[in-house]
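Notes for the one structure printed next.
Because only heavy atoms are used, hydrogens play no part in the values below, and waters and symmetry mates are left out as well, while side chains stay in.
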Amino acid sequence: SAPVLEGAARAALPGDCRDVLPSETHVLLLRGAALEAWRVGAGPALLDGQPAWRRELPEGEEAAELPLVPGGYVVPRADFFRPLSPALRARQLALGHEHALLLAAAGHLFAWGAGRHGQLGGGDLESATEPRLVEALQGVPMGQVAAGGWHSASVGEAGDLYMWGWNESGQLGLPSKGMPGSPMAATAEANHSSPPSSGPWAAHQSPPQAAFISIQAFPALLDMPGGADVSKVSCGSRHSAALTRTGELYTWGWGKYGQLGHRDTAASDRPKKVCSFEAWGLGVADVVCGPWTTFALALPL
C-alpha cells in the first residue's frame with residue numbers, strides 16, 4: 001500500500017514521492033524531478049487539485065535531503081524556495097521556527113535568521129540575513145546539526161554535543177528557571193507556543209549570582225551522563241533528544257505532552273535516559289523530534 005502522511009493532514013503519498021517536509025500550513029513534496037507545496041486544511045483530500053507551488057529541478061540534478069535542493073533550500077511556507085551560494089558547499093541544513101543552520105562539507109557551521117534568543121550562536125542577540133560562520137565552533141569539525149524552535153544543537157565528529165539558544169524549558173540541558181516549582185514555570189506554561197520578545201527571558205543570561213541560564217548565546221558543551229558519545233541530536237520546539245553511539249536515547253526540555261518518554265509530563269533541564277527501550281530489549285537506531293513529539297526507531301538488541 002502507498003505510504004500515508006498522518007497528523008494535521010492525512011493523505012496517501014503519491015508513488016513518486018521521495019521526501020516530505022511538513023508544517024502546519026503546507027506540505028512540501030519531492031516528487032520525481034519536481035518540488036511541490038500543498039496547502040494543509042484546504043479540504044479533506046490534501047493532494048487533490050493543483051499544488052500551491054511547483055518547481056522543476058534542474059535537469060540532471062537531484063535533491064539530497066529536504067530542505068536542501070539544488071541551488072538552495074525550501075521552507076514549507078511561501079515563498080518556498082530560497083537560494084544559497086554554492087560556495088557554502090552545504091551537506092545538511094536544519095530549519096528552526098525563525099532561523100536556519102547549515103553544515104558545510106568541511107564541517108564548518110553557519111547560522112542565519114532571527115537571533116534574539118541566541119539561537120545563531122554568535123555571542124549576541126542580533127539577527128542575520130545571510131549565513132554567518134559560528135566562530136565559536138571553528139576548528140571543531142561538526143558531523144550533524146539540528147534546529148529547534150528557538151534553540152540549536154550540533155554534534156562534533158568526536159561525539160561531543162553543543163547546545164545554544166533559548167533555555168526557558170531546559171531544552172539546552174542547562175539549569176532553567178522554567179522547571180516545575182520555579183517562579184517562571186507558570187509563565188512558561190501559559191505561553192508555551194512562542195518566546196517573549198522582551199522581559200527576563202530576552203536577557204543574554206541570568207544575573208551572575210543566579211544559577212539559571214535563560215539564553216545561551218554561545219555554543220555550550222553539554223556533558224552527557226557517563227560521558228557518553230553522541231551520534232545524533234534532534235530538537236523539537238522546546239525539547240531535545242540525543243542518541244548515543246551505544247544506542248541509548250536521552251531527552252530533556254519541555255515535557256507537557258509526554259514527548260520526553262519518561263512516563264510523566266514533567267520538564268527536565270538535564271539529559272535523562274529513556275529507559276523503556278532497554279526494558280523491551282531494544283536499542284535505538286534513530287531519533288527525530290517533531291514540534292511536540294519524539295519518534296524513535298528501535299531494533300532488537
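- Separation of atoms CG (Asp124) and CZ (Phe218) is listed at 8.0 Å; rounding is to 0.5 Å.
- Considering all non-hydrogen atoms of both residues, Glu61 and Pro70 come closest at OE1-CB, 3.1 Å.
- The closest donor-acceptor contact from the side chain of Gln119 to the backbone of Ala114 lies under 3.5 Å.
- For Val134 against Ala111, the heavy-atom pair with the smallest separation is CG2-CB, 4.1 Å.
- Of all heavy-atom pairs between Ser240 and Cys235, the closest is OG-SG, 4.1 Å.
- The closest side-chain donor-acceptor pair between His99 and Ser152 falls under 3.5 angstrom.
- Between Lys232 and Val155 the shortest heavy-atom distance is C-CG2, 4.2 Å.
- Listed for the His151 side chain is no donor-acceptor partner under 3.5 Å among the backbone atoms of Gly118.
- Proximity of a side-chain donor or acceptor of Ser169 to a complementary backbone N or O of Arg238 within less than 3.5 Å is not detected.
- A donor-acceptor pair under 3.5 Å is formed between the side chain of Arg91 and the backbone N or O of Ala105.
- At a threshold of 4.5 Å between side-chain heavy atoms, the hydrophobic network of Ile, Leu, Val, Met, Phe, Trp and Tyr places Leu35 and Leu68 in one connected group.
- Leu161 and Met142 fall into different hydrophobic clusters, where Ile, Leu, Val, Met, Phe, Trp and Tyr side chains are chained together by heavy-atom contacts under 4.5 Å.
- Judged purely by atom type and a 3.5 angstrom limit, Ser176 uses its side chain to pair as donor or acceptor with the backbone of Asn167.
- No side-chain donor-acceptor contact under 3.5 Å links Gln216 to the backbone of Met163.
- For the side-chain contact (heavy atoms from CB on, under 4.5 Å) test with Leu243, the passing option among Leu297, Val284, Val230, Val233 is Val284; the others fail.
- Distance CG/Asp229 to OG1/Thr244: 8.5 Å, rounded to 0.5 Å.
- Remark: the backbone N or O of Trp254 is paired with a side-chain donor or acceptor of Gln259 at under 3.5 angstrom.
- Under a 3.5 Å cut-off, the side chain of Asp19 and the backbone N or O of Leu30 do not form any donor-acceptor pair.
- There is no path of hydrophobic side-chain contacts, each under 4.5 Å, that joins Leu29 to Leu57.
- Checking Thr294, Thr251, Val274 one by one against Val287, the side-chain contact (heavy atoms from CB on, under 4.5 Å) holds for a single residue, Thr294.
- Other residues, nucleotides and ligands contribute more than 12 heavy atoms inside 6.0 Å of the CD atom of Glu157.
- When all heavy atoms of Trp112 and Ala128 are compared, the pair lying nearest together is CB-O, 3.6 Å.
- With Trp53 contributing its side chain and Glu36 its backbone, the two residues share no donor-acceptor pair below 3.5 Å.
- Using a distance-only test at 3.5 Å, with no hydrogens or angles considered, a donor-acceptor pair links the side chain of Arg18 to the main chain of Gly32.
- Inter-residue side-chain proximity for Leu222 and Leu172 is flagged as unmet; no heavy-atom pair is nearer than 4.5 Å.
- Using cut-offs of 30° and 60° for the angle between ring planes, the Trp166 and His117 rings count as tilted.
- Between Tyr73 and Leu95 there is a side-chain heavy-atom pair separated by less than 4.5 Å.
- Rounded to the nearest 0.5 Å, atoms CG (Leu84) and CD (Glu130) are 9.0 Å apart.
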